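Comments concern the structure below.
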Protein chains: 4
Amino acid sequence: MLGQKRIRDHGLKIGVMETGPRNSITDIEGVAVGHCTILSDHVRTGVTAVIPHEGNLFREKLPASSHVINGFGKSTGLLQIEELGTIETPILLTNTFGVGSCINGLIRYMLEDNPDIGISTGTVNPVVLECNDGYLNDIRGMHVRQEHVMEALSNARRDFLEGSVGGGTGMSCYQLKGGIGTSSRVLHFAGHDCRYSLGVLVQSNFGKIGDFVCKGKKFTDYVPGFSTNGNDAKVQGSIIVVIGTDLPLNGRQLKRVCKRASVGINRTGSFIENGSGEIAIAFSTAQRIPHYPGILSLPFSVLSEDLIDNVFRAVAEAVEEAILNSMICADPMYGRAGNYRASLQNWIERLV
Amino acid sequence: MLGQKRIRDHGLKIGVMETGPRNSITDIEGVAVGHCTILSDHVRTGVTAVIPHEGNLFREKLPASSHVINGFGKSTGLLQIEELGTIETPILLTNTFGVGSCINGLIRYMLEDNPDIGISTGTVNPVVLECNDGYLNDIRGMHVRQEHVMEALSNARRDFLEGSVGGGTGMSCYQLKGGIGTSSRVLHFAGHDCRYSLGVLVQSNFGKIGDFVCKGKKFTDYVPGFSTNGNDAKVQGSIIVVIGTDLPLNGRQLKRVCKRASVGINRTGSFIENGSGEIAIAFSTAQRIPHYPGILSLPFSVLSEDLIDNVFRAVAEAVEEAILNSMICADPMYGRAGNYRASLQNWIERLV
Amino acid sequence: MLGQKRIRDHGLKIGVMETGPRNSITDIEGVAVGHCTILSDHVRTGVTAVIPHEGNLFREKLPASSHVINGFGKSTGLLQIEELGTIETPILLTNTFGVGSCINGLIRYMLEDNPDIGISTGTVNPVVLECNDGYLNDIRGMHVRQEHVMEALSNARRDFLEGSVGGGTGMSCYQLKGGIGTSSRVLHFAGHDCRYSLGVLVQSNFGKIGDFVCKGKKFTDYVPGFSTNGNDAKVQGSIIVVIGTDLPLNGRQLKRVCKRASVGINRTGSFIENGSGEIAIAFSTAQRIPHYPGILSLPFSVLSEDLIDNVFRAVAEAVEEAILNSMICADPMYGRAGNYRASLQNWIERLV
Amino acid sequence: MLGQKRIRDHGLKIGVMETGPRNSITDIEGVAVGHCTILSDHVRTGVTAVIPHEGNLFREKLPASSHVINGFGKSTGLLQIEELGTIETPILLTNTFGVGSCINGLIRYMLEDNPDIGISTGTVNPVVLECNDGYLNDIRGMHVRQEHVMEALSNARRDFLEGSVGGGTGMSCYQLKGGIGTSSRVLHFAGHDCRYSLGVLVQSNFGKIGDFVCKGKKFTDYVPGFSTNGNDAKVQGSIIVVIGTDLPLNGRQLKRVCKRASVGINRTGSFIENGSGEIAIAFSTAQRIPHYPGILSLPFSVLSEDLIDNVFRAVAEAVEEAILNSMICADPMYGRAGNYRASLQNWIERLV
């Protein structure tokens, strides 16, 4: 976004469904995304914040769920989402060793607006997801600090950059430059006069170049001599997928939606490598769950299950496109120890 | 029930909550229970059917969930409940080798009322749960047949026998006679003018006598010389717990409720043995989910999570009492190969 | 096999790894496959048996695991595999309403060789997996009987037919004819002088034609006017994936392998539809676990986790190829109510 | 320990099995426990470290597993344990808002000894478990810092204090003072000449006084007028259970062992409340899994499953005793806002 040339701008249309006006997770009313990018010397990292709604998330939680495609990862906050089916903080994306500081920053952010936490009510469940950017970034330096969290959160808006920004700054995807990408789909249901949206944001950091498929075409068939010239065969990847929608879905349905994230990932060629921590998390903005309900039971609206294939298809398409956006929006980058990632930008013309 | 002397009639009051009028899972409006008992020579087995509501369950499903406490078991139908959060058939309890015939019988029962199944709509998910009654029953003889399923289903009503009946016929519990037991609790919520019920039905077939605790008292402390005189040390047990409620709970909440079944089981002394298949399944009758919804989304009512402890306490109490009812209502029994199970009836006076 | 023209014989090479000599799950030493096909009037169904080793499986169990990709299904036997990490019977594939009879047949088959079951030891855990063949088959007629199980088991050998045979007889895949398919891969590990095999067998019954992708090519791009001319838009599918290997993998690793089955499925175009019960089950023949161990602990060999990507890649490739084999080996078929499935054979030349 | 009067010293013998020499998790050879207690003004918190073996845990991992009894909690590190079945860092226990700092401290601790992490190999998975000590502690102050982690780790040894120390400093249990407790059991197997140990350490912070049962006796029956005089009815609890053993168990078996932790918890009266985050984590020291295996497959020894009941019983007993030790070793404490917790010490004589 914000003037970046995205995968569709190169003529590659992913899937058959209509995209939202921004083709972004922020097409969901109320969702905002902010970055804090940390760049210096051998530091290539940062924090990306996805804010599910503009209100007080602790007081007005959203239905949520997650799915661990491959658990070689250190993300945090998923236990409680699984148990209670709700999310009560923004979602942060960062590097593997930034999780601790992001937890601390996110707790402080929540404490500010909620003087009851830890006094007259319980605690709060920070959600922080991560990938290992150690190939380009000095991850051992643990450069993410609490103030970076605050900056990412305060930067949140509907229009935001993709590629090497925020948590995506130092990420690699298929041994090319990866990072943050987004995409969305509009959902119509035959016979029902309504219009819903589903959006996806990824932090991409997985895969080997030999497996990369761009819209059905194998990259190495078009770029035969490609070499990373790096000692990165053993580098462990990951991908985080954040899914937002204004459809009335409950926790169980959101988990089913999360499980279809792998379809979109697989369409780019990967086979879920051993070292790739692959996690999807989803929330619905259609209804809010009060922290202090004060009533016996809450009215809730739940999408008819026989209409859910439409949602599954949207996720698969949007995840594939978000990954490609994360790559095409990322410029080439040198990082730690002279390590280098080329950009998909260099070869995209051969693939279209 | 039906004139049987239950654990409360012996002066043992379990827990602190009020029971329903029948102290039975059939205190939930619409729930009915039926048995078919198969007794001959060395045959001691049968089928028990729990019917969650009196309508067409396939067309009007109920929210449901299950939890596997220990998966050394062969129950069937739980996969789809986990995925879709609904139940669409009665629940059958039988012996381990009766599952196949119960599936067949239950499918035929469902086909009768639903000519669309397998033609213009999908199939149906039969739910059959089991324990191994091989100590008293000739389980290798595979004596459960489809007509026994029909009989159990047609016998279903609100008042039913406990102990050695239906699926509980040949079951053992703590090396005494076990079988079918039930109990219920009434739920009030402070500040809310309402009254809900939760009922439990168990098929008990687990534990060793040395572990048996009856309301805080260890059985072998009161009956020191007890011996089963049998070679049953290696016999594998199991317990099935069926939970029904008219509270508005969704699938996720019903799973949480299922997980508290283990609290009630543990209160009778067991420690979840390796060979004990322990499974809980729960449904809510508060709302029905149509097979053909015809609308985009269904309105649903969901209990405020901060009120759920009341439900958890009810489950723990009702499960403990249902197990004791299954034992105290069962007469002593001789079975296959001269194997014998004494009844808790013989010693209950020492324990009260 | 057995003279059938498979997908490779049409010039479509799937993936980059070497196949085994039969390109079949029976490339794993000791594995055998047998069918019983039931054809008459409007009956198009059957049973396929996968026998993991030629010995007494109850006495010498194999490490096993399963993974439910989408749980809209009625398969049975997975609970105990999850708990104990072992398989102790052959694996049967059949139609959704054949599960009961397959359970009964499989139990009887196991009882024959094991007089201790149900007498001096516990019971046995039959594993039966299913798809809904109701589009072509009179599934309501419940035509699978116990003798069909015995026939499938007694027919088991290393060479067997693919396509519309056994459990695959009435199956549909991408609205074309589906059924049984198999494929295998040979595994080499750099720096280790050894050779292992992994084989896959599928019962394919999922997907819509508009999604079908054959080796990166969208079917409807090559066959634009294709129509099933049937009222099958609402038909629910499924796919069962059976994975065997002689690699020393434990239950946890086998579960990870099962999870990669979805990669191969997705490569054929599907997005895991709501109504598609997708289940993978895997076993390793490298080591046997005695029912009566008699020793304190069992020696076990476990593949180094950092070598497992090779296995994941093999599964993805073999599943994709097995699905295509299941389709290309199936002749066109008329079934119940005049319903018809064309064969991939008709258009394969346009796709190669 | 260290001169503290434990529950057994009061004449309360829990269970029937023999305890280890220290009756502690440190009866497992190589296991060490260290505390850092943070006390000042309204601060009542800290960190407890359990070190599973004295070597380089990253290079020589241990088989491990965990089980979430109730997921109302913010513990971290469990995803990867579930996927890979190994633990590669010490285990830290702290307060809910100390998790971030503990992650940071633990990463730094691991980086010190492992210069390859983040450079030539992947990252490391810190394991930090938590309870909410907000009733006595100024949890909003976020007083746990990285140096506290270092102190706890450097204090680790075989003899250590129980009660209000380390992570247990500000914890409450059954509205009395809770904290850190430990216990162990010796395992003999009939017919096998060997001796194994299983030890448990808990951070107890759960339950309401009305539910508390001490060795079968209800506390409020013996102390009828007890009142906490505090507004703590809504306070959320939790319990963390760490289990160590020198038995040769694999990840799947360790998960089964973890599941029996709830039996011991339940024996003290609780019914797994909604707000109680209850998590068990277990490791085996019998075998180490090298980070750089260098060989194709690792030899492994796995306990015969039919002997595992002995282990389950040991866990249930040791968890119950560890909880009681955590309470009896804790002195009464005043904390934040004048909140107060009495000690079980005051009434223990009425209960014995």
Side-chain angles (χ1 to χ4, degrees), chain A residues 61 63-67 80-86 88 120-122 187-196 245-260 284 286-308 310-312, chain B residues 61 63-67 80-86 88 120-122 187-196 245-260 284 286-308 310-312:
Chain A
K61 306 176 203 298
S65 190
S66 72
H67 173 63
Q80 187 164 317
I81 291 174
E82 178 78 16
E83 186 74 37
L84 302 178
T86 53
E88 59 187 19
S120 57
T121 193
L187 291 118
H188 300 282
F189 295 91
H192 302 281
D193 183 24
C194 59
R195 178 191 167 93
Y196 290 98
T245 183
D246 53 10
L247 276 160
L249 302 177
N250 65 18
R252 183 186 53 74
Q253 292 176 319
L254 288 166
K255 180 173 276 290
R256 299 189 80 200
V257 170
C258 284
K259 288 182 179 173
R260 272 67 187 182
S284 161
Q287 294 156 103
R288 300 185 181 184
I289 297 147
H291 183 73
Y292 298 110
I295 49 172
L296 187 82
S297 62
L298 299 163
F300 214 78
S301 190
V302 179
L303 182 76
S304 288
E305 206 83 15
D306 63 346
L307 300 176
I308 207 167
N310 208 6
V311 194
F312 292 168
Chain B
K61 307 175 202 297
S65 191
S66 73
H67 175 62
Q80 187 164 316
I81 292 174
E82 178 78 16
E83 185 75 37
L84 301 178
T86 54
E88 58 187 20
S120 56
T121 193
L187 291 119
H188 301 281
F189 296 91
H192 302 280
D193 182 23
C194 59
R195 176 191 168 92
Y196 290 98
T245 183
D246 53 11
L247 276 160
L249 302 178
N250 65 18
R252 182 186 55 74
Q253 291 175 320
L254 288 167
K255 181 173 275 289
R256 299 188 80 199
V257 170
C258 283
K259 288 182 178 173
R260 273 66 186 182
S284 161
Q287 295 156 102
R288 300 185 180 183
I289 296 146
H291 183 72
Y292 298 110
I295 50 172
L296 188 83
S297 63
L298 299 162
F300 214 78
S301 191
V302 179
L303 183 76
S304 288
E305 206 83 15
D306 63 345
L307 300 175
I308 208 166
N310 209 5
V311 194
F312 292 167

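Throughout, protein chains are lettered first and strands after them, A, B, ... in sequence-line order, and every chain is numbered starting at 1. Remember, predicted model here, so these are calculated numbers, not experimental data. Hydrogens, waters and symmetry mates are skipped; everything else that's a heavy atom, side chains included, is used.
- With respect to chain B, the highest number of heavy-atom pairs below 4.5 Å among A/Gly191, A/Ser301, A/Pro290, A/Cys194 belongs to A/Ser301.
- Atom-to-atom distance recorded for B/Leu249:CG and B/Glu305:CD is 9.0 Å, nearest 0.5 angstrom.
- Considering only heavy-atom pairs separated by less than 4.5 Å from chain A, the leading option among B/Val302, B/Leu298, B/Leu296 is B/Leu296.
- Counting only heavy atoms from C-beta outward, the side chains of B/Glu83 and A/Arg256 approach each other to under 4.5 Å.
- By the side-chain hydrogen bond (donor to acceptor under 3.5 Å, both in side chains) test, B/His192 pairs with no residue at all, sequence neighbours left out.
- For the pair B/Lys61 and B/Arg288, the minimum side-chain heavy-atom distance is 4.5 Å or more.
- Looking only at heavy-atom pairs under 4.5 Å with chain B, the residue among A/Leu303, A/Ile289, A/Leu247 that has the most is A/Leu303.
- Looking at A/Leu307, the atoms closer than 4.5 Å to chain B (heavy atoms on both sides) all sit in the side chain, from C-beta outward.
- Looking only at heavy-atom pairs under 4.5 Å with chain A, the residue among B/Pro248, B/Pro293, B/Gly251, B/Gly294 that has the most is B/Pro293.
- Taking the salt bridge (Lys or Arg N to Asp or Glu O under 4.0 Å) definition, one finds that B/Lys255 meets it with B/Glu82, sequence neighbours left out.
- Contact of B/Leu84 with chain A is made through backbone and side chain together, with heavy-atom distances under 4.5 Å.
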